[in-house]
A.B. asks: 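What follows is a structure written as structure tokens; I'll ask about it next.
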Amino acid sequence: MKLGQQFLSGEQIRERAKELAAKIDEDYKDTQHPLVCICVLRGAAIWYCDVIKHLKTDMRCEFVSVRSYQGTKACEPALIQDTTISKGADVLIVEDIVDTGATKELMTKLFMGRGANSVKMCTMVARKEGAAEYTGFVIDTDKFFVGYGLDYNQQLRNIDGIYELIL
């Protein structure tokens with residue numbers, strides 16, 4: 001196992017997080033509902049911190065854990081650790097990568113069923129355009145990525161940037 005092509009540097013990712021935070025602030029500036037930012041653990045933790053530290057909008061931090069990979073293959077998402085939200089809250093799910101959209105679908109159904117006013121997603125990386133309301137970068141390839149929170153069997157999350165993993 002070794003690192004291949006670099007897709008994004010840590011600096012590019014941090015700059016994009018700041019840009020998206022400004023867009024999120026603009027979109028929620030007139031809301032009368034509480035904003036709840038939910039980090040999908042573990043992969044999104046670094047990206048989550050980068051985004052929320054730039055938000056000016058008053059918000060509450062929450063965390064969930066979802067299993068959506070086995071090795072390098074996406075699988076049906078399963079909620080491992082849940083959270084509560086206030087009825088009427090605007091929910092912003094912060095995710096590391098959107099592959100199939102199944103995690104977004106699961107979370108949207110869950111939180112809307114609990115009375116959320118809205119559910120949107122902010123993802124660091126998506127495999128296709130339009131996968132989330134707020135997308136850091138689209139990398140349209142089936143290659144497997146590691147770094148900046150993305151992992152291979154819980155390893156390589158701490159790399160400052162996103163790289164292809166060559167097995």
Side-chain angles (χ1 to χ4, degrees), residues 8 13-142 144-145 148-151 154 157 162:
L8 298 164
I13 297 167
R14 288 184 287 278
E15 185 57 35
R16 184 68 176 136
K18 190 175 182 180
E19 292 168 2
L20 285 179
K23 186 169 194 239
I24 292 164
D25 279 335
E26 180 63 27
D27 290 352
Y28 287 99
K29 71 179 179 193
D30 295 325
T31 188
Q32 300 302 309
H33 305 280
L35 179 62
V36 179
C37 294
I38 299 178
C39 177
V40 180
L41 296 172
R42 299 177 180 110
I46 298 168
W47 170 247
Y48 180 80
C49 291
D50 284 346
V51 172
I52 68 166
K53 73 182 174 187
H54 293 292
L55 289 175
K56 307 288 187 263
T57 302
D58 186 35
M59 47 79 68
R60 189 176 98 217
C61 294
E62 290 293 334
F63 302 86
V64 296
S65 183
V66 177
R67 180 187 43 82
S68 58
Y69 271 89
Q70 290 182 326
T72 62
K73 301 291 181 209
C75 63
E76 189 67 30
L79 192 63
I80 297 168
Q81 175 189 330
D82 200 353
T83 190
T84 58
I85 60 158
S86 316
K87 189 172 177 137
D90 286 318
V91 175
L92 180 66
I93 301 163
V94 182
E95 178 68 289
D96 55 356
I97 185 168
V98 176
D99 277 309
T100 65
T103 300
K104 180 183 180 191
E105 187 177 309
L106 170 75
M107 304 299 277
T108 298
K109 184 177 179 181
L110 177 70
F111 293 125
M112 290 303 287
R114 292 179 181 171
N117 178 61
S118 68
V119 178
K120 293 183 179 180
M121 181 171 275
C122 174
T123 186
M124 178 173 61
V125 176
R127 299 264 186 199
K128 63 181 180 180
E129 195 68 48
E133 289 78 8
Y134 306 98
T135 300
F137 304 92
V138 175
I139 304 177
D140 185 14
T141 179
D142 60 356
F144 193 81
F145 313 124
Y148 222 88
L150 299 167
D151 72 297
Q154 303 301 330
R157 291 185 193 277
I162 296 178

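Start at 1 with the first residue, then count along the sequence.
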A.B. asks: Go through the steps to decide whether V51 and I24 satisfy the test side chain to side chain contact (heavy atoms under 4.5 Å, CB included), and finish with yes or no.
C.D. replies: CA-CA 9 Å; V51 172; I24 292 164; 4.1 Å; yes
A.B. asks: Find out whether R127 and I97 are in side-chain contact, i.e. whether some heavy atom of one side chain is under 4.5 Å from a heavy atom of the other.
C.D. replies: yes
A.B. asks: Would you say the side-chain atoms of D25 pair up with the backbone N or O of T57, donor to acceptor, closer than 3.5 Å?
C.D. replies: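 Judged by distance alone, yes, a pair lies under 3.5 Å.
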A.B. asks: Nearest 0.5 Å, please: how far is CD1 in I52 from SG in C39?
C.D. replies: 8.0 Å
A.B. asks: Grab the two heavy atoms, one from P34 and one from G88, that are nearest each other, plus how far apart they are.
C.D. replies: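 The pair with the smallest heavy-atom distance is CD-O, 4.2 Å.
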A.B. asks: What is the distance from atom SG of C61 to atom OH of Y48, rounded to the nearest 0.5 Å?
C.D. replies: 3.5 Å
A.B. asks: Once you round to the nearest 0.5 Å, how far does CD1 of I93 lie from NZ of K120?
C.D. replies: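 The CD1 atom of I93 sits 12.0 Å away from the NZ atom of K120.
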A.B. asks: Is E19 salt-bridged to R16, going by a charged N under 4.0 Å from an acidic O?
C.D. replies: yes
A.B. asks: How long is the span from the CZ atom in F144 to the CG atom in D151, to the nearest 0.5 Å?
C.D. replies: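 With rounding to 0.5 Å, CZ (F144) is 6.5 Å from CG (D151).
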A.B. asks: Walk me through whether M124 and I13 qualify under side chain to side chain contact (heavy atoms under 4.5 Å, CB included).
C.D. replies: CA-CA 8 Å; M124 178 173 61; I13 297 167; 3.8 Å; yes
A.B. asks: Does the distance from a Lys or Arg side-chain N to an Asp or Glu carboxylate O, for E133 and K23, drop under 4.0 Å?
C.D. replies: no
A.B. asks: With sequence neighbours left out, what residues match Q154 under side-chain hydrogen bond (donor to acceptor under 3.5 Å, both in side chains)?
C.D. replies: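 Result, side-chain hydrogen bond (donor to acceptor under 3.5 Å, both in side chains) vs Q154: R42, R157.
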A.B. asks: Considering all heavy atoms of both residues, which atom of Y28 and which atom of V91 are nearest to each other, and what is their separation?
C.D. replies: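 Taking Y28 first and V91 second, the nearest heavy atoms are OH-O, 4.3 Å.
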A.B. asks: Taking all heavy atoms of V138 and all of T135, pick out the closest pair and write down the distance.
C.D. replies: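 Where V138 meets T135 most closely, the heavy atoms are CG2-CG2, 4.0 Å.
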A.B. asks: Which atoms form the tightest heavy-atom contact between A21 and L55, and what is the distance?
C.D. replies: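 Closest approach of A21 to L55: O-CD2, 3.6 Å.
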A.B. asks: Would you check if V98 and K104 make a side-chain contact, meaning some heavy-atom pair closer than 4.5 Å?
C.D. replies: no
A.B. asks: Apply the test side chain to side chain contact (heavy atoms under 4.5 Å, CB included) to residues I38 and I85: give CA-CA distance (whole Å), side-chain angles for both, the deciding distance (0.1 Å), then the verdict.
C.D. replies: CA-CA 10 Å; I38 299 178; I85 60 158; 4.1 Å; yes
A.B. asks: For the pair H33 and S118, evaluate side chain to side chain contact (heavy atoms under 4.5 Å, CB included) and give the outcome as yes or no after the intermediate values.
C.D. replies: CA-CA 9 Å; H33 305 280; S118 68; over 6 Å; no
A.B. asks: Got a salt bridge between E15 and K18, using NZ or NE/NH1/NH2 to carboxylate O under 4.0 Å?
C.D. replies: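 Looking at E15 and K18, the cut-off is not met.
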A.B. asks: Under the 3.5 angstrom rule, does the side chain of D96 hit a backbone N or O of L150 as a donor-acceptor pair?
C.D. replies: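 A pair under 3.5 Å: no.
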A.B. asks: With sequence neighbours excluded, give me every ring pair (Phe, Tyr, Trp, His ring centres under 6.0 Å) pair touching residues 92-139.
C.D. replies: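 Those involving residues 92-139 do not exist here.
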A.B. asks: For the atom pair OG1 (T100) and CD (E105), what is the distance rounded to the nearest 0.5 Å?
C.D. replies: 8.5 Å
A.B. asks: Please list, chain by chain and in numerical order, all residues satisfying side chain to side chain contact (heavy atoms under 4.5 Å, CB included) with R14, sequence neighbours excluded.
C.D. replies: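 If we apply the side chain to side chain contact (heavy atoms under 4.5 Å, CB included) test to R14, skipping adjacent residues, the hits are E11, D50, Y148, D160.
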A.B. asks: Can you tell me how far apart NE2 (H54) and SG (C49) are? Round to the nearest 0.5 Å.
C.D. replies: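 Reported value, rounded in 0.5 Å steps: 11.0 Å.
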